[in-house]
Amino acid sequence: MRSVLDFRPWLAACLLALLLLGGAQAQAAGRIAEVAVLVDSAGSETIDTVSAPAAAGRFQPLRGTSLSAGYSMEVRWLRITVDTTAGGEQWLEVQPPYLDDLRLYEALPGGGYGERHAGDRQPFAAREVAYRGFVFRLHPPEAGRQIHYLRLQTTSTSLVALELWQPDEFQLAKRSEYGALGIYYGLLFAVLLLNLLQWATVRDRLTGHYLLYLAVTGLFFYGSNGLAAEYFLPGQPAVTDAWVSAGGPLVIASGAPFFRRLLLVDRSRPVLNWLFHGLCLLPLLVIPAVFTGHYTQLAGKLLWYVTAMSLLCTWLAARMWRRGQVGGVLVFLAYCAGMFGVFAATLTMLGVLPGNLWIVYGNQMGIMCSVLVMHLAVAARARAIDEERREALQRVALTQRELESERHARQEQGKFLAMLSHELKTPLAMIDGAVQSLAHLLGGAPPDVARRHDRIRRAVRRINGLVEQFLTHDRVDDDRLAPRREAVDLNALVERIAAEYGAADGRVQLRSGALPPLQCDPALLRVALVNLIDNAFKYGPPGSPVVIATGLSGTGAGAMAAIEVMDRGPGIAENLREEVFERYVRGTGLGDIPGAGLGLYLVRRIANVHGGSAAVETRPGGGALFRICLPLHPTLENA
């Protein structure tokens, strides 16, 4: 895997491409004596006015043979002074390939100037030399100094680099140049393919954003280098011109989500988050300007924003490195590699730095170096994500095994409790029946014998109650428990249960409020109510009544049906009011009062599966007040 991801041989190939491109330019240096510029703000100048002796003082000489005037709609005239050592044809190369309208004026032997047109808005077949840039064939009549005029008007940045060649030297140099471009795009395609394979395996969003950024960047450079006009759409200059103009903003817009995710900028950093959203949205707003004629005014402002964001991203990358985050050092190196070329090229396109083809190509080479290092950063992040995903899957698998083991244990417990219930209830029923038969046979038995019979029957009922409670707990505590809902008259259900406990003789007192029918499980509610009433009788003073009240709790959309069970016992201390609803928890100081510590747990569990709640508080006047609240209209989630 290291042999695929090691970027050193790729970086060496990248540097080789840069040297080939630079070498191609160096062979032609030193043949243009001087270049001067005249700004034609109104666009009204002609070759006659700019070539007149009176216009000589209006030209400003340039440093070198390149012009960098930023984004401007103004027409510029270049006066090109050439020293010719011998007669014969010479070729004037004009770069970059995305200039719109070029007009070269060459002095004619009989006087005056001949005009020739070039630019990316003409079909490729109209070019004098089949080349991705623009080449004018010059025919100096003799050795000596010659003056040519080049009129420039473009909606892109007014950046012009000039070179003068002998035809054979040009052909030789450009073969190396096209070879370097082949290496460049081969590297870009290899990185794209590797990340596509990685994305197909991991499917993480960072790699997906990186793929989009790589693809858009490659297509943009393919167009801006003039290769789309030469090889892809040679007869569609309007399409290739729009390709370049819209491609730059698309590169920025596609890179913004990738850089935001790469630099770990999320919603927890709202200012940074919005800055990156702006970096994504603003370029998309610039694209329509390509077709409305306002591109030149907006593109320069966008590049200033991109320059500021590039500096911010470099600072964020340095912070990632300092914090030791995954891929932090690689991200920082990627930004450093890109900034040397991209930052200088951006300032050149804005007209801040003088134009130079080294800077133009340095932009692309800087991005390529950045892309190679970012490839490693994305791969490192993808490996970390994949490792986290595997660990998460392992945790899920372990949890599933634990749940399955717990489910199996619960099933075995259920089987055991069912068997225990069967094995215990039969002899308990026989003992209870035998005691009743003895009492009947003895008739008026002595009081001590009657007390023993009663004690035996109470013990039987106690054991039966414990078995029933454990069986109920086993059913209610199942995670798959879902209430069997039906329309239930809550007041009628409470009245039936109260009747079983002696409502007629005043042991149970009812306070019924108006309630609509509820969608609930009557069997489960019965278990909850019986547990609360049993507790009230067990812990209240002998002979004291138990009060059951029903009604509405709350108002409006939050109203719920409430059942309250109140006793006059010792109550429950405030620090125990949550603890008593847990399994196997019983209050202190209960003496020999029987119980398994499951009754209140079952009450809350049954309320919860209905989408309600159970709680306890102190009853006014002393004692405990237990309240069950149930939704009047259960949601689908609780249905």
Side-chain angles (χ1 to χ4, degrees), residues 71 96-100 120-121 132 154-157 159 184-185 188-189 191-192 195-196 199 205-229 231-233 236-263 274-310 313 334-335 338 341-343 345-346 348-350 360 363-368 370-371 374-375 378:
Y71 285 86
Y98 46 78
L99 299 173
D100 293 341
D120 68 349
R121 293 187 174 180
R132 63 185 187 88
T154 184
T155 56
S156 58
T157 177
L159 172 66
Y184 182 89
Y185 286 105
L188 196 62
F189 180 76
V191 175
L192 186 67
N195 281 274
L196 182 62
W199 178 81
R205 297 181 69 178
L206 178 64
T207 305
H209 285 306
Y210 186 52
L211 279 171
L212 178 62
Y213 171 64
L214 279 179
V216 175
T217 300
L219 289 173
F220 169 66
F221 283 143
Y222 189 72
S224 64
N225 284 330
L227 300 176
Y231 296 111
F232 189 60
L233 295 170
Q236 302 292 329
V239 177
T240 54
D241 178 60
W243 179 327
V244 177
S245 298
L250 282 175
V251 169
I252 299 168
S254 64
F258 165 65
F259 294 128
R260 183 176 70 88
R261 192 169 291 275
L262 182 69
L263 296 168
W274 277 110
L275 285 174
F276 276 95
H277 280 302
L279 192 62
C280 181
L281 295 176
L282 290 178
L284 298 179
L285 298 177
V286 172
I287 292 176
V290 174
F291 309 99
T292 62
H294 299 88
Y295 177 78
T296 305
Q297 295 91 326
L298 297 178
K301 296 178 176 61
L302 177 63
L303 276 184
W304 279 115
Y305 184 60
V306 172
T307 302
M309 288 297 294
S310 298
C313 289
Y335 272 101
V342 177
F343 192 63
T346 301
T348 300
M349 288 188 288
L350 289 170
V360 174
N363 174 25
Q364 298 187 39
M365 302 315 294
I367 287 181
M368 174 54 71
S370 174
V371 159
M374 281 184 182
H375 164 66
V378 171

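- In this structure, Tyr295 has no ring pair (Phe, Tyr, Trp, His ring centres under 6.0 Å) partners at least two apart in sequence or on a different chain.
- For the pair Leu282/Ile252, no side-chain contact is recorded, criterion being any heavy-atom separation below 4.5 Å from C-beta on.
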- Message: Run Leu250 and Leu219 through side chain to side chain contact (heavy atoms under 4.5 Å, CB included) and show every step you take.
- Response: CA-CA 10 Å; Leu250 282 175; Leu219 289 173; over 6 Å; no

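- The side-chain heavy atoms of Leu263 and Cys313, taken from C-beta on, include a pair separated by under 4.5 Å.
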- Message: Leu279 vs Val306, test: side chain to side chain contact (heavy atoms under 4.5 Å, CB included). Steps then yes/no.
- Response: CA-CA 7 Å; Leu279 192 62; Val306 172; 4.1 Å; yes

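- The aromatic ring centres of Tyr222 and Tyr231 sit 6.0 Å or more apart.
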List the atom pairs, with distances to 0.1 Å, where a side-chain N or O of residues 285-293 and a protein N or O form a donor-acceptor pair under 3.5 Å, not counting sequence neighbours.
residue : atom : partner : partner atom : Å
Thr292  : OG1  : Ala289  : O            : 3.4
Thr292  : OG1  : His294  : ND1          : 3.1

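- The side chain to side chain contact (heavy atoms under 4.5 Å, CB included) test with Tyr98 is passed by exactly one of Thr157, Thr155, Asp241, Thr154: Thr157.
- Using a 4.5 Å heavy-atom threshold, the side chains of Tyr210 and Leu206 count as separate.
- Here the closest heavy-atom approach between residue Gln297 and residue Lys301 is recorded as O-NZ, 3.2 Å.
- The CG atom of Asp100 sits 8.0 Å away from the OG1 atom of Thr296 when rounded to the nearest 0.5 Å.
- Contact annotation: the side chain of Val244 approaches that of Phe220 to within less than 4.5 Å [non-hydrogen atoms, C-beta and beyond].
- Contact of the Leu192 side chain with the Leu211 side chain is registered, since non-hydrogen atoms from C-beta on lie closer than 4.5 Å.
- Note that CZ of Phe258 is 8.5 Å distant from OG1 of Thr207, once rounded to the nearest 0.5 Å.
- The closest side-chain heavy-atom distance from Pro283 to Leu302 is below 4.5 Å.
- Between the side chains of Tyr185 and Asn225, a donor-acceptor pair is found at a separation under 3.5 Å.
- With rounding to the nearest 0.5 angstrom, the CG atom of Leu188 is 9.0 Å from the CZ atom of Phe221.
- Of the inter-residue distances, the one linking Phe259 atom CZ with Met309 atom CE reads 10.0 Å to the nearest 0.5 angstrom.
- Side-chain contact check for Leu262 versus Tyr213: every heavy-atom pair is 4.5 Å or farther apart.
- Using a 4.5 Å heavy-atom cutoff, the side chains of Cys280 and Pro257 are in contact.
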- Under the ring-ring contact (aromatic ring centres under 6.0 Å, His included) rule, what do Phe232 and Trp243 come out as? Steps first, then yes or no, please. CA-CA 12 Å; Phe232 189 60; Trp243 179 327; 5.7 Å; yes

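- If you take CH2 on Trp274 and CG on Leu281, they are separated by 8.0 Å, rounding to the nearest 0.5 Å.
- Between the NE2 atom of His209 and the CZ atom of Arg260 there is a distance of 7.0 Å, given to the nearest 0.5 Å.
- Scanning all heavy atoms of the two residues, the minimum distance from Ser254 to Val216 falls at OG-CB, 3.7 Å.
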